[in-house]
Undergrad: 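Quick one: the structure is below, and I'll ask about it shortly.
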Amino acid sequence: MPELPEVETVLRGLEPHLQNQKITAIKTYRKDLRIPFPKDIKQTLEKAKIISLKRRAKYILINLDNDMILSIHLGMSGSIQIITNGSNYDLLKHDHFEMTLSNNTRIIYNDPRRFGMIFTLSQDDLVNHKAFVHLGPEPLGNAFSAEILKNRLKGKTVSIKQALLDQTVVVGVGNIYACEALYMTGLNPEKQAGKVSLNKLEDLVQSIRRVLSTAIEAGGSTLKDHRQVDGTLGYFQHQFNVYDREALPCGQCDCNIGKTGGVKRIVQSGRSTFFCPPKQKG
DNA sequence: AGTGTCGCCTGAATGC
DNA sequence: TGCATTCAGGCGACAC
């Protein structure tokens, strides 16, 4: 469930703890997540120094001074715990990976459903690695625009909702923010992707940018709150306009709910879509 | 190449 | 109470 904003929030939470630290120990508590841990992960990471943290799509990329990158994907249920100053911590069920740093901080990855991925790659492989080579533009970057989107949607017969979830179209948008962005744009999620006008796509691009930016801001405050309670970084709860609000009023509701039935839930390609029919006719 | 479906995985919620 | 079923979803694999 972590989408771009949650991943970005986790990254920002990790950054101050990881930057310029040396990795002193790596432990794996099982052999795989969604994919196996690299066999040589210990050798690759131990003794390396962390230079910087970046994000590409929903991947956290930790750049090391040995020209390698540690890539972490939270999948659907991944979260990260930061234990500082050698505080006591008993491993929990589903803690699968642990990294100890020279500042005596422990970074612990927990993932009940194990849809996440942890792997390493070299800087040279970044461009051509199969996880990254087909990815579309970053929605918050300069390379994302209505024209680009129009181009990528050309001839697509799938719904605009499904297209937004397609990583080759645009990255970082998952089920929740796809629903929210379409609501904000007043676009019907079932509209054919290739038939959305350039004008509407202008609106959609702005909506995607806004919904993601707002969520990142919300994540920032969540981060503060979380740090006071414990060191868990991961998915955070947020107020949505339509997502998970079946039969309830939408965020900007001025409809007669008795008549309209409120937010509608449909299933597209096996995924729930929530939308407000009167407001999303486009 | 584009599209549709399935499987991975656990825990919460629901059904009988 | 207890057991079985359904659902959640990011993303790769696969079939057509």
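Remember, it's a predicted structure, so these values are computed and weren't measured experimentally. Order of the sequence lines fixes the chain letters, A, B, ..., with proteins taken first and strands second; residue numbering starts at 1 for each chain.
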Undergrad: Side chain to side chain donor-acceptor pair (under 3.5 Å): which pairs involve residues 123-138 of chain A, sequence neighbours left out?
TA: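 Counting only pairs at least two positions apart or across chains, the side chain to side chain donor-acceptor pair (under 3.5 Å) contacts touching residues 123-138 of chain A are A/R55-A/E138, A/R56-A/E138, A/N63-A/Q123, A/S122-A/D125.
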Undergrad: Report, as a single string ordered 5' to 3', how protein heavy atoms within less than 4.0 Å touch nucleotides 2-11 of chain B: B base, S sugar-phosphate only, - not at all.
TA: -SSB-BBBBS
Undergrad: Expected output is a numbered-order residue list: members of residues 127-136 of chain A with a heavy atom under 4.0 Å from any atom of DNA chain B. What is it?
TA: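 Nothing qualifies; none.
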Undergrad: Rounding to 10°, can you tell me the angle the first-five-pair axis of the helix from B/dG2-C/dC16 to B/dC16-C/dG2 makes with its last-five-pair axis?
TA: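 Axis-to-axis angle, ends of the helix: 50°.
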Undergrad: Using atom CG of A/D166 as one end and atom P of B/dA1 as the other, report the distance to the nearest whole Å.
TA: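 Rounded to whole Å, this separation is 14 Å.
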Undergrad: Given 3.5 Å as the limit, does a donor-acceptor pair link the side chain of A/N66 with the main chain of A/T44, or not?
TA: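 Yes: the side chain of A/N66 pairs with the backbone of A/T44.
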Undergrad: What distance separates A/D95 CG from A/Y109 OH, expressed to the nearest 0.5 Å?
TA: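 Output value for this atom pair is 11.0 Å.
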Undergrad: Let me spell it out: for each of A/V267 and A/H73, pick the nucleotide of DNA chain C with the closest heavy atom. Which residue's pick is nearer the 5' end?
TA: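 So the residue in question is A/V267.
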Undergrad: Please, which pairs that meet ring pair (Phe, Tyr, Trp, His ring centres under 6.0 Å) have at least one residue in residues 196-217 of chain A, sequence neighbours excluded?
TA: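 Every candidate ring pair (Phe, Tyr, Trp, His ring centres under 6.0 Å) pair involving residues 196-217 of chain A fails, so no pair, neighbours aside, qualifies.
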Undergrad: Using whole Å, what does the distance between atom P of nucleotide C/dG12 and atom CD of A/Q167 come to?
TA: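 After rounding, the gap between these two atoms is 8 Å.
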Undergrad: Using modelled atom types and a 3.5 Å cut-off, is there a donor and acceptor pairing between side-chain atoms of A/E3 and backbone atoms of A/G174?
TA: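 Present.
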Undergrad: Give every residue pair that meets the side chain to side chain donor-acceptor pair (under 3.5 Å) criterion with at least one member in residues 269-282 of chain A, sequence neighbours excluded.
TA: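 Sorted pair list: A/K161-A/T273, A/D254-A/K279, A/R265-A/S272, A/Q268-A/T273.
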Undergrad: Could you give the CG-to-P distance, from A/N175 to C/dC7, as a whole number of Å?
TA: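 Result: 15 Å.
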Undergrad: Within the side chain of A/E180, is there an N or O that forms a donor-acceptor pair under 3.5 Å with the backbone of A/Y243?
TA: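 A pair under 3.5 Å: yes.
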Undergrad: How many whole angstroms separate atom CD of A/E6 from atom P of C/dG9?
TA: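 So the CD-P distance, A/E6 to C/dG9, works out to 13 Å.
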Undergrad: Does A/R265 make a side-chain N or O approach to OP1 or OP2 of C/dA8 shorter than 4.0 Å?
TA: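 For C/dA8, OP1 or OP2 has a side-chain N or O of A/R265 closer than 4.0 Å.
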Undergrad: Roughly, in whole Å, what's the span from CG in A/L4 to P in C/dC11?
TA: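 About 11 Å, once rounded to whole Å.
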Undergrad: Taking atom types as modelled and ignoring hydrogens, do the side chains of A/N199 and A/S197 form a donor-acceptor contact shorter than 3.5 angstrom?
TA: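 Looking only at side-chain atoms, A/S197 and A/N199 do not form any donor-acceptor pair under 3.5 Å.
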Undergrad: Side chains of A/Q192 and A/T157: donor-acceptor distance under 3.5 Å anywhere?
TA: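 Side-chain D/A pair, A/Q192 to A/T157: absent.
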Undergrad: Roughly how many Å is it from NZ in A/K161 to P in C/dG9, rounded to a whole number?
TA: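 A/K161 atom NZ is separated from C/dG9 atom P by 8 Å.
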Undergrad: Do side-chain atoms of A/T100 reach the backbone of A/T24 as a donor and acceptor pair under 3.5 angstrom?
TA: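 Answer holds: no.
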Undergrad: With a 3.5 Å distance limit and no angle check, can you tell me whether A/N85 reaches the backbone of A/S87 through a side-chain donor-acceptor pair?
TA: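 Answer holds: no.
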